[in-house]
Trainee: 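Please see the structure below; I have some questions.
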Amino acid sequence: MKTVLITGASGGIGQAAARLFAQNGYQVAAGYCHGADRAQALCAALRKEGFSAEPFYADVSSEVDVREMFRSIAQTFGGVDVLVNNAGIAGQKLFTDITDAEFEQMFAVNVGGVFHCCREAIPYMVRRQCGKIINISSVWGVSGASCEVHYSASKAAVIGLTKALAKELGPSKICVNCVAPGVIDTPMNACFDEQTMHTLTEDTPLMRLGTPEDVAQAIFFLASAAADFITGQVLCTDGGFIV
Ligand code: NAP
């Protein structure tokens, strides 16, 4: 049985991805940071349905936490066959109001987290000469967003990391790709008022917000054998937001 680690499985997209992988026969390591209750409830529900899922704590910005999380997963499930780097934070501010601490935190979680998790996951994948890494970027990492410069920059960094790592790991038959969601209906967007969400919906050619399940399907595709010859790519799940 293959094991998938999904960081941020306590959040909207992570929960949908955890459910989809579980339904397709994976052992699910559900990463969380502050949302222990949500991760535990998700795993309990999946186990009740006969699936294999356990929650694992790590603040992904912490190298020590991530190392310990991988050690615990190895004890419970063995090595990680598919790594989904989904944990992330966002922030809306005028560029000139962003503090050093906010800028550093954005990069520590959104880029540092990917770096730490990839570094722990890769040795097992290289030994087995197979593996899939799917990093969750954002359409803002592709196009840039006003008043989200630090978020956009961190998500653009995830794309650069993905493309470079795909080249480095290609000879080891490990695929590294990005999913770049558009506007998805999750707690991350709870900070926006109704009018802003309406405008974002109208700016989306498919005229609706994305669902966590829309993104989960793209993640699952990239993890599947159907995507074995795809690496270093950015798959936008954005209803046509970026063309
Ligand atoms: P969400 O519901 O807010 O979930 C965010 C997840 O990230 C939570 O599970 C949270 O865990 C985790 N997380 C945050 N900081 C962490 C840390 N330091 N260490 C470990 N985990 C941490 O948001 P979402 O929409 O599902 O977002 C998932 C990913 O999609 C993010 O990378 C986000 O940038 C990206 N994305 C979302 C959208 C969108 O419109 N929603 C669009 C583009 C890209 P805890 O709650 O346990 O702390």
Side-chain angles (χ1 to χ4, degrees), residues 5-20 28-43 55-70 83-92 102 104-117 120 134-145 148 150-159 161-162 178-192 196-197 199-201 203-204 208-216 218-219 234-239 241-242:
L5 165 59
I6 301 164
T7 65
S10 45
I13 292 170
Q15 294 209 18
R19 180 160 286 285
L20 186 60
V28 175
Y32 69 92
C33 185
H34 303 103
D37 295 356
R38 279 174 274 126
Q40 280 159 7
L42 168 74
C43 292
F56 293 90
Y57 166 82
D59 177 339
V60 294
S61 68
S62 158
E63 176 195 357
V64 175
D65 278 9
V66 170
R67 200 178 315 127
E68 180 56 27
M69 173 172 67
F70 271 81
L83 169 62
V84 182
N85 283 309
N86 167 70
I89 53 173
Q92 291 79 37
E102 286 164 344
E104 282 158 21
Q105 178 68 0
M106 190 67 79
F107 272 74
V109 175
N110 290 359
V111 190
V114 177
F115 172 61
H116 294 143
C117 290
E120 292 302 319
I134 297 111
N135 299 322
I136 310 306
S137 176
S138 164
V139 287
W140 301 137
V142 179
S143 70
E148 297 197 48
H150 51 344
Y151 179 73
S152 302
S154 73
K155 291 299 187 179
V158 169
I159 293 173
L161 187 156
T162 299
C178 260
V179 170
V183 188
I184 312 298
D185 192 10
T186 75
M188 186 167 272
N189 290 323
C191 54
F192 292 121
T196 305
M197 293 310 284
T199 305
L200 287 166
T201 304
D203 286 346
T204 303
R208 68 168 175 89
L209 299 178
T211 64
E213 290 72 23
D214 289 326
V215 184
I219 296 169
V234 181
L235 179 53
C236 292
T237 51
D238 65 355
F241 200 88
I242 302 272

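Counting starts at 1 for both ligands and their atoms, following the listed order. The figures that follow rest on heavy atoms only: side chains count, while hydrogens, waters and symmetry mates do not.
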Trainee: Among all protein non-hydrogen atoms, which one is nearest to atom 35 (C) of ligand 1, and what is the separation to 0.1 Å?
Mentor: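 Of every protein heavy atom, Ile136 CG2, 3.8 Å lies nearest to atom 35 (C) of ligand 1.
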Trainee: Please classify the Ser137 to ligand 1 contact at 4.0 Å (heavy-atom distances, strictly less than): side chain, backbone, both or neither.
Mentor: backbone
Trainee: Measure Trp140 to ligand 1 on non-hydrogen atoms and call it side chain, backbone, both or neither using the 4.0 Å cut-off.
Mentor: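 Contact part for Trp140 vs ligand 1: neither.
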Trainee: Would you say Ser61 has any N or O atom under 3.5 Å from an N or O of ligand 1, going by distance alone?
Mentor: no
Trainee: For ligand 1, note which part of Ile184 has a heavy atom under 4.0 Å away: side chain, backbone, both or neither.
Mentor: both
Trainee: Which protein non-hydrogen atom lies closest to atom 46 (O) of ligand 1, naming both residue and atom, and how far is it?
Mentor: Arg38 NH1, 3.1 Å
Trainee: Can you see which heavy atom on Thr7 is nearest to which on Cys117, and at what distance?
Mentor: CG2-SG, 4.0 Å
Trainee: Where does Ile89 meet ligand 1, judged by heavy-atom distances below 4.0 Å: at the side chain, the backbone, both, or neither?
Mentor: side chain
Trainee: Short N/O distance, under 3.5 Å, between Gly8 and ligand 1?
Mentor: yes
Trainee: Using only atom types and a distance under 3.5 Å, with no angle test, would you say the side chain of Asp185 pairs donor to acceptor with the backbone of Leu209?
Mentor: no
Trainee: Would you mind running through ligand 1 and noting each atom that sits below 4.0 Å from a heavy atom of Gly35?
Mentor: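 Taking each heavy atom of Gly35 in turn, ligand 1 has 45 (P), 46 (O), 47 (O), 48 (O) under 4.0 Å.
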Trainee: What is the nearest protein non-hydrogen atom to atom 31 (C) of ligand 1, stated with its residue, atom name and distance?
Mentor: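 Among all protein heavy atoms, the one nearest atom 31 (C) of ligand 1 is Asn86 O, 3.1 Å.
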Trainee: Nearest non-hydrogen atom to atom 11 (O) of ligand 1 belongs to which of Ser10, Ser138, Gly88?
Mentor: Ser10
Trainee: Is it the case that the side chain of Ser137 and the backbone of Lys155 share a donor-acceptor pair, with hydrogens and angles ignored and the cut-off at 3.5 Å?
Mentor: yes
Trainee: Classify the contact between Asn189 and ligand 1 as side chain, backbone, both or neither, using a heavy-atom distance cut-off of under 4.0 Å.
Mentor: side chain
Trainee: What atoms of ligand 1 come closer than 4.0 angstrom to any heavy atom of Tyr32?
Mentor: 47 (O)
Trainee: Near Asp59, which atoms of ligand 1 are under 4.0 Å from a heavy atom of that residue?
Mentor: 17 (C), 18 (N), 19 (N)
Trainee: Atom 22 (C) of ligand 1: which protein heavy atom is closest, and how many Å away?
Mentor: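 Result: Ala87 CB, 3.6 Å.
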Trainee: Which residue owns the protein heavy atom closest to atom 19 (N) of ligand 1, what's the atom, and how far is it?
Mentor: Val60 N, 2.9 Å
Trainee: Tell me, which protein residue and heavy-atom name are nearest atom 23 (O) of ligand 1, and how many Å apart are they?
Mentor: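 So the nearest neighbour among protein heavy atoms is Met188 CB, 3.4 Å.
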Trainee: At less than 4.0 angstrom from any non-hydrogen atom of Ile13, what atoms of ligand 1 do you find?
Mentor: 25 (O), 26 (O), 30 (O), 37 (C)
Trainee: Quick one: nearest non-hydrogen protein atom to atom 20 (C) of ligand 1, plus distance?
Mentor: Ala58 O, 3.3 Å
Trainee: Which residue holds the protein heavy atom closest to atom 48 (O) of ligand 1, what is that atom called, and what is the gap in Å?
Mentor: His34 N, 2.8 Å
